[in-house]
There are 2 protein chains.
Amino acid sequence: MGRATMEDVALRAGVSRSLVSLVMRDSPRVSSARRAAVVAAATELGYRPHALARQLASRDSTVLGVLVSDLHNQFFADLVDGVDQAAHEQGFSLLLQTGQRRVAREEQVIDTLLSFSPAGLILLGPVVATRVMAGAARQSPVVAVTRSCRHPDIDTVTDDSEAGARLAVAHLAGLGHRRIAHLDGGNGAQAALRRRGYRAAMAEFGLPPLIVRSEYTEKGGVLGARALLGHAPATTALFCANDLNAVGAIAELEDSGMQVPAHMSVVGYDNTALAALRHVSLTTVHQPRHEMGRLAVQLLLERIRGNRETVARLQLEPSLVVRETTARPRHTASSTPSLETEVPA
Amino acid sequence: MGRATMEDVALRAGVSRSLVSLVMRDSPRVSSARRAAVVAAATELGYRPHALARQLASRDSTVLGVLVSDLHNQFFADLVDGVDQAAHEQGFSLLLQTGQRRVAREEQVIDTLLSFSPAGLILLGPVVATRVMAGAARQSPVVAVTRSCRHPDIDTVTDDSEAGARLAVAHLAGLGHRRIAHLDGGNGAQAALRRRGYRAAMAEFGLPPLIVRSEYTEKGGVLGARALLGHAPATTALFCANDLNAVGAIAELEDSGMQVPAHMSVVGYDNTALAALRHVSLTTVHQPRHEMGRLAVQLLLERIRGNRETVARLQLEPSLVVRETTARPRHTASSTPSLETEVPA
DNA sequence: TCCAAACAATAGAGCGCTCTAACGGCGGCA
DNA sequence: TGCCGCCGTTAGAGCGCTCTATTGTTTGGA
């Protein structure tokens with residue numbers, strides 16, 4: 001397998017190794033004659049620069065370390081995709097490992113990633129302690145995505161989940177709903193913010209909040225909806241922790257003979273491909289995850305290239321995507337005329 | 001950021017660099033006294049071996065290059081997850097890039113991955129020409145997943161898609177269906193095999209085949225179902241290219257007033273998380289993708305460790321997962337009694 | 001005609017590690 | 001007592017590249 005080295009190319013082209021190096025790096029100060037000779041020799045030998053050796057010698061890396069919480073979750077897969085595309089455009093490669101939502105494993109992964117001295121580190125939905133991230137930040141720039149964190153050395157990219165929750169509540173209230181419950185995301189990332197946004201929005205509309213403990217999974221949605229039907233059967237609308245949770249809730253509602261949206265309106269969060277499926281057609285809050293991945297890379301590059309020293313905390317605006325799981329409540333015509341003026345079309 | 005080197009540790013521990021190297025590699029022939037001193041010095045300095053330098057010097061890599069076709073597709077995300085777990089267990093890291101289903105990009109990605117001289121290359125659903133894979137195989141062991149390929153240097157992991165197609169048809173025929181159509185996967189990986197399996201199985205049951213050109217996407221399912229309803233409205237069962245395709249088909253069927261499975265039974269392929277959603281509850285053919293990812297790593301390690309010289313072509317047996325989108329046809333009771341004997345329960 | 005400046009090319013010292021060969025010191029054996 | 005072999009340790013030569021400093025070689029201006 002012994003691949004050709006720079007030395008081989010130099011020998012064949014009748015020049016020094018240094019000259020080959022210059023050609024490989026597209027230096028302008030090489031005569032076109034020599035350049036041609038080197039290029040010819042290189043292609044003849046099938047030469048390809050050795051990335052590791054290059055990075056060792058030049059001590060700047062073209063690798064970005066990526067820790068992703070969980071690839072089973074479509075949301076993170078999309079984030080990785082955004083990261084990959086942006087990195088690819090800038091000539092970077094990804095060294096990727098999954099953390100499986102376990103703290104110990106994440107710590108180990110961060111350690112491994114750092115041992116490659118990457119140009120930067122991107123943490124997608126990390127659950128590890130801020131202290132650990134800060135430790136990593138002393139070796140290499142770090143960006144955390146979907147995880148707010150106040151450390152001055154760690155850039156973050158998140159969506160404004162409070163605003164997102166408000167969008168959902170406002171939409172439902174605008175349709176005339178008054179009993180709007182929230183199946184929350186438990187201890188998951190951003191769950192606290194969505195809860196807070198929900199509470200604030202409900203207060204704003206003068207409605208009583210009702211939060212059911214749940215989590216970011218389909219099963220969580222099933223159980224949450226079941227609990228809700230038991231405790232508060234009069235509820236007419238549901239704001240779910242995320243799309244997966246919403247789909248679970250819908251399944252449970254339908255199993256108990258209710259129709260969505262006729263008997264219950266449901267809103268999800270994330271606007272994953274799942275929500276967009278015609279068979280599901282879920283009204284949801286859009287989080288621009290592809291864009292978030294791209295931005296994470298951009299922030300990293302700013303640090304790598306020394307264009308920025310101060311911390312960056314990007315918060316993207318979510319938007320509402322109305323599909324077919326939300327509608328006016330059925331029997332509340334008498335209580336909603338005042339709101340109708342706000343909903344022209 | 002200047003991190004500690006082996007030299008620093010050696011100096012601090014009062015030993016040679018070579019000795020530190022031995023300790024870092026857990027060599028047995030180091031006195032426990034010196035070992036302790038080195039370990040102490042290393043932790044004090046926060047020393048971490050430099051993976052790149054190590055690989056350059058020892059010329060064996062702990063990195064596996066991974067080309068993944070498309071992370072948006074849950075199927076591939078799951079494959080990557082399996083690969084990641086197996087690799088992690090064996091102390092390998094993944095260098096990952098996506099090919100976006102484009103040949104040119106895949107070629108470029110393979111080139112980039114090789115420039116890191118990885119221990120091996122895993123191609124998940126590649127669309128690139130066999131010739132290119134063979135070229136890569138001269139630099140490093142290569143395993144292709146979900147892509148059969150006859151080259152003697154390229155190991156493969158696939159499912160037996162012909163058998164999978166047969167499972168689907170046998171299930172539907174067993175329920176009493178006679179007009180079973182297939183929305184195919186076009187030029188996609190394994191699509192030709194599923195077509196062939198479908199044809200063979202239909203022939204086996206003495207049924208007339210009907211193949212509608214489609215693709216591995218939701219939209220393909222929508223369009224395919226529409227075309228089917230136009231051309232062959234008497235069809236009572238549908239075997240779809242994959243789950244995504246099936247979900248699209250179901251949406252279209254429901255939009256045209258049909259009920260699944262009352263008016264049309266639908267079977268998918270892959271058994272992705274999507275199919276398992278209670279709201280979808282799709283009968284489908286299970287492909288053990290997590291396992292396939294693990295096996296890919298295992299094959300690579302066999303080559304890397306020199307335990308095998310001959311080509312390996314693993315073909316996994318798919319299995320049928322019956323859920324709620326398949327049932328007996330409605331009005332064909334008179335034509336099916338002969339089949340009922342085959343379906344005891 | 002001469003020298004400075006500009007340009008092309010190269011030598012050689014690393015980058016942080018591994019690994020072979022060799023070293024010194026010790027105990028065991030004749 | 002002398003020699004051999006073993007063990008723990010180390011020197012030093014790379015791995016394939018980058019990059020600074022330096023050497024030649026032209027060119028242009030005075």
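Just so you know, these numbers come straight off a predicted model, no measurement behind them. The chains referred to below are lettered A, B, ... by the order of the sequence lines, with proteins before strands, and numbering in each begins at 1.
When rounded to the nearest whole Å, the span between CD of A:E7 and C1' of C:dA11 equals 12 Å. In this structure, the CZ atom of B:R29 is 12 Å from the P atom of C:dA21, given to the nearest Å. Separating the NE2 atom of A:H50 from the C1' atom of D:dT18 is a distance of 14 Å, rounded to the nearest angstrom. D:dG16 atom C1' lies 6 Å from atom CG of B:L56, rounded to whole Å. Between the CG atom of A:L22 and the C1' atom of D:dA21 there is a distance of 14 Å, given to the nearest Å. For A:F116 and C:dG16, the CZ to C1' distance is 14 Å, given to the nearest whole Å. Atom-to-atom, CD of A:Q55 to P of D:dC19 comes out at 12 Å; the value is rounded to the nearest Å. Counting to the nearest Å, the P atom of C:dC17 and the CZ atom of B:R48 are 12 Å from each other.
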Take B:D60 and B:S58 through the side-chain hydrogen bond (donor to acceptor under 3.5 Å, both in side chains) test and state the conclusion after the steps.
CA-CA 5 Å; B:D60 64 18; B:S58 69; 3.3 Å; yes
side-chain hydrogen bond (donor to acceptor under 3.5 Å, both in side chains) assessment of B:S115 paired with A:H50:
CA-CA 5 Å; B:S115 78; A:H50 192 298; over 6 Å; no
Test log, rule side-chain hydrogen bond (donor to acceptor under 3.5 Å, both in side chains), inputs B:T158 and B:Q190
CA-CA 9 Å; B:T158 57; B:Q190 302 293 94; 4.5 Å; no
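Atom CG of B:N307 sits in a crowded spot, with more than 12 heavy atoms from other residues, nucleotides or ligands closer than 6.0 Å.
For C:dC19, the OP1/OP2 oxygens have a side-chain nitrogen or oxygen of B:R25 closer than 4.0 Å. Taking side-chain N and O atoms only, B:S21 has a distance below 4.0 Å to OP1 or OP2 of C:dT18. In this model, the phosphate group of C:dG16 is not approached by any side-chain N or O of B:T5 to a distance below 4.0 Å at OP1 or OP2. In this structure, B:R59 does not reach the D:dG16 phosphate: none of its side-chain N or O atoms is under 4.0 Å from OP1 or OP2. OP1 and OP2 of D:dG8 both lie 4.0 Å or more from every side-chain N or O belonging to B:R34.
For B:S31, taking side-chain heavy atoms from C-beta onward, the closest of the listed nucleotides C:dT18, D:dG16, D:dG8 is D:dG8. Listed nucleotides D:dT10, C:dC17, D:dC17 differ in distance to B:L19; the shortest reach to its side chain belongs to D:dT10. For B:M6, the listed nucleotide lying nearest its side chain is C:dC17; candidates were C:dC17, D:dT9, D:dG16.
Between the side chain of B:S18 and the base of D:dA11 there is at least one donor-acceptor pair of N/O atoms closer than 3.5 Å.
In this structure, B:V15 and B:A57 both approach DNA chain D, and ranking their closest nucleotides by distance from the 5' end singles out B:V15. Nearest-nucleotide positions on DNA chain D place A:A53 closer to the 5' end than the other of A:D60 and A:A53.
Residue contacts for A:R17: at a heavy-atom cut-off of 4.0 Å it reaches a base atom on one of the strands shown.
Within the 3.5 Å criterion, the main-chain N or O of A:T5 finds no donor-acceptor partner in the side chain of A:R17.
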